Undergrad: 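Handing you a structure now.
Values reported hereafter were calculated over all heavy atoms of this structure, with side chains retained and with hydrogens, waters and symmetry mates removed. Start at 1 and go down the list; that is how both ligands and their atoms are numbered. Worth saying up front: this structure is predicted, and the values here are computed from it rather than measured.
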Amino acid sequence: MNDALTYPSDSDLRRLLHFEADSGAIWLGERRMLLLHTAALSALRQDLIRSVGKEHARRLLTRMGYACGLHDAGFARQIRGSQGLEDMFMVGPQLHMLEGAARVTPVNLKADIEAGEFEGQFRWDDSWEAHAHRMTYGVVDEPACWTLLGYASGYTSAFMGRLILFKEIRCAACGDDHCLIEGKPIDAWPDGEAHRHYFEDDSLLDTIDALSQQVEALKTSLVPSESGGMLIGQSAAFRGAHDLMQRAAGTQVTVLLTGETGVGKERFARALHAHSERASGPFVAVNCAALPAELIEAELFGVEKGAFTGAHNARAGRFERADGGTLFLDEVGDLPLPAQAKLLRVLQDGEIERLGGETGRRVNVRLVAATNVDLQGAVERGLFRRDLLYRLNVYPICIPPLRERAGDIEALARHLLSRFTALHHKRVAGFGDRALQALLHHDWPGNVRELENLIERGVILAPQGGFVEVEHLFPNQPAPSHDGLDPRGRLARRSTDEEQALCTRILEIGTPIGELETMVLNLAVERSGGNLSGAARLLGITRAQLAYRLKRHPLQEDV
Ligand SMILES: [Zn+2]
C-alpha cells in the first residue's frame, strides 16, 4: 500500500469540529478541545525548559503530544473503520494538520497490524514548534519538535497496539527548510531504549525529593567543625552530663537526651557518635516535630514502590540510611502514636519494614532520642506509649539549661564571638563590660541557641574594630539614660539618689503600699483642680490608667 500516498477528503474529520460559542466549548467529536495561542504555548515551553531543564521539558512535552495522539487514534476506527487501512491511518496526519501542528505530507507508509510491523516517513512543513524553538534559541543542533513527535508516536502506537517510536531525521529548528520524521517499533531502532524514558511517567518531584534526601544525609553526616568546641563548659552540671555521654559512647545503649529547647541536644548526640565505634558510619538526624504526621513513617522506615499514591519509587528510610551508624530522633515526644508502635517494634526486633513492604530488613543502628517535653507526663496523658518510654529511657542524660551553668557563659560567649567574627569577616575588640554583665545575668530561655543568635547579631551590629555593646546584643530593649544594672546585674532602670531616699523613708514609716498609692492619686487630682487629664500628666500615666486606678482606690474625702 504505497506508491502514490494521498489523503482521502478530510470533510469527515472537519464535520467532527464544532465551535459552541454559547457554551464556551469547542468539540472534536465527543472530545472537548481548546484553542490556544501558539505564543502562549511557546512561552510555557520556554518556562519549562528554564525551570526544569531541557531533558525534563522534552519529556513533559513529548508526553503531552503523546496523549493528544492517543486520543485522536480513537477517531480512526470510529470514522473510517469501513475504509482501507491506509485511509484509516491517515486520520492521524490529517487531524494533526487540522489541529494546526504543521502541514503533513506522507512520504512512505508500511503498516501491518497483525504482524505488528510499521515503517513510516512523513514530512512536516511549518511546524509551529520548530518555529517557536528557533524564535527563542536560534538554529540548534538537535531536533526540537517534541510535542509533534509525541503526537506521531502516541497516535501510531495506539493505532498499532505497540510502542512506535518516531524520530526527526531533519528539523527546521536545526536550519533545514522542513522537518522529516521516521517511525518504527521501538525495538527496531538500535538506540530505541534510550528514548523510552521520554514516554514514561517519571516524577521530577521524586527526583528532587531523592536528591534533597541525599543532601540531607550528607549534611547530617558532616560533623560541623565547631561541634566539639561547642561542648564547652566547666560547671559541675555540665561536666556531669558530659561524663555520662562519654561513658555511654563506648557502648550500644540507647540514649535519651533531655533538656530545654536550645541546650544543645544535637551537639551531644553528635559528640556521642563521634566518640563511639560507629564514628566512621553515618550520623542521621530526624526532627520528629518538623515532619508532618502522615509522612513520618515513610521518612523513618522507607517505602516500597506503589505503597501509596505518589510512591513512584522505592525509597530507603532514615533507619536504613543510618545503618552502621547513629540515628538521632529529636523531639521524639512529637511522634504520632502509630509511628511510636512501629518504632517500638524496630527497637525490639532490630528489623524495619518499609511501608507497603512484606519483609523485614535488619538494621544495625544506635538510637539516640531527645525530648524537651516531660515524656512521663505525656504517658499519663495518653500521648506517649509507656513501653516505648521504657525502651528509650535506658540511659537518660539531662543537659542543664544555660542559666544553671552561668559560670560557662563567658567562655561560650568568647568562643562564639571568635567564630562569628571569622564567619562575617569582622574585626571586633571584644565585649564591652556592660555587655558581658548583661550576658551573664540574662535568663536565657532559649539557652545556648539563644546565646548563639544574640552573639551573631551583636557581631553584625558592632562597629568595625569596636566593642560589642549591650545595644548590639539586645537591640530591642529600650536603653534610656536611666538604664543600668540592678544588684543582680540585670538590665534595669537606675533610680536616682532622691528616689532611693524616698523609698527608704517609705519603708521606715511602714504605710502599706496600697494606701500610699491612693494618697498619691488623690494629691494629684487635688493639685490639678479635679482635672483627671492634668492629674494623669502629673503622675506620668494615661488618663485611662488613672481612671482605672481611681476605681480600685476611690477618692477619700479626708485626704
Ligand atoms: Zn522539527
Undergrad: Between Glu20 and Trp27, does any side-chain donor sit less than 3.5 Å from a side-chain acceptor?
TA: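 A donor-acceptor contact under 3.5 Å links the two side chains.
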Undergrad: Would you list the protein N, O or S atoms within less than 2.8 Å of the Zn ion (ligand 1), leaving out water?
TA: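 Metal shell, protein only: Cys145 SG, Glu168 OE2, Cys171 SG, Cys179 SG.
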Undergrad: For the rings on Phe166 and Tyr151, is their centre-to-centre separation under 6.0 Å?
TA: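 Here the rings of Tyr151 and Phe166 have centres that are no less than 6.0 Å from each other.
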Undergrad: Do His178 and Arg170 have side-chain N/O donor and acceptor atoms under 3.5 Å apart?
TA: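 Arg170 and His178 do have a side-chain donor-acceptor pair below 3.5 Å.
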Undergrad: Donor-acceptor pair, Trp128 side chain versus Thr38 backbone, under 3.5 Å?
TA: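 No, the answer is negative, given that no donor and acceptor are paired below the 3.5 Å cut-off.
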Undergrad: Is the number of heavy atoms from other residues, nucleotides or ligands within 6.0 Å of CD (Gln464) greater than 12?
TA: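 Atom CD in Gln464 is packed in, count exceeds 12.
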Undergrad: Has the side chain of Thr326 got a donor or acceptor atom that lies under 3.5 Å from a matching backbone atom of Ala322?
TA: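 No: the side chain of Thr326 does not pair with the backbone of Ala322.
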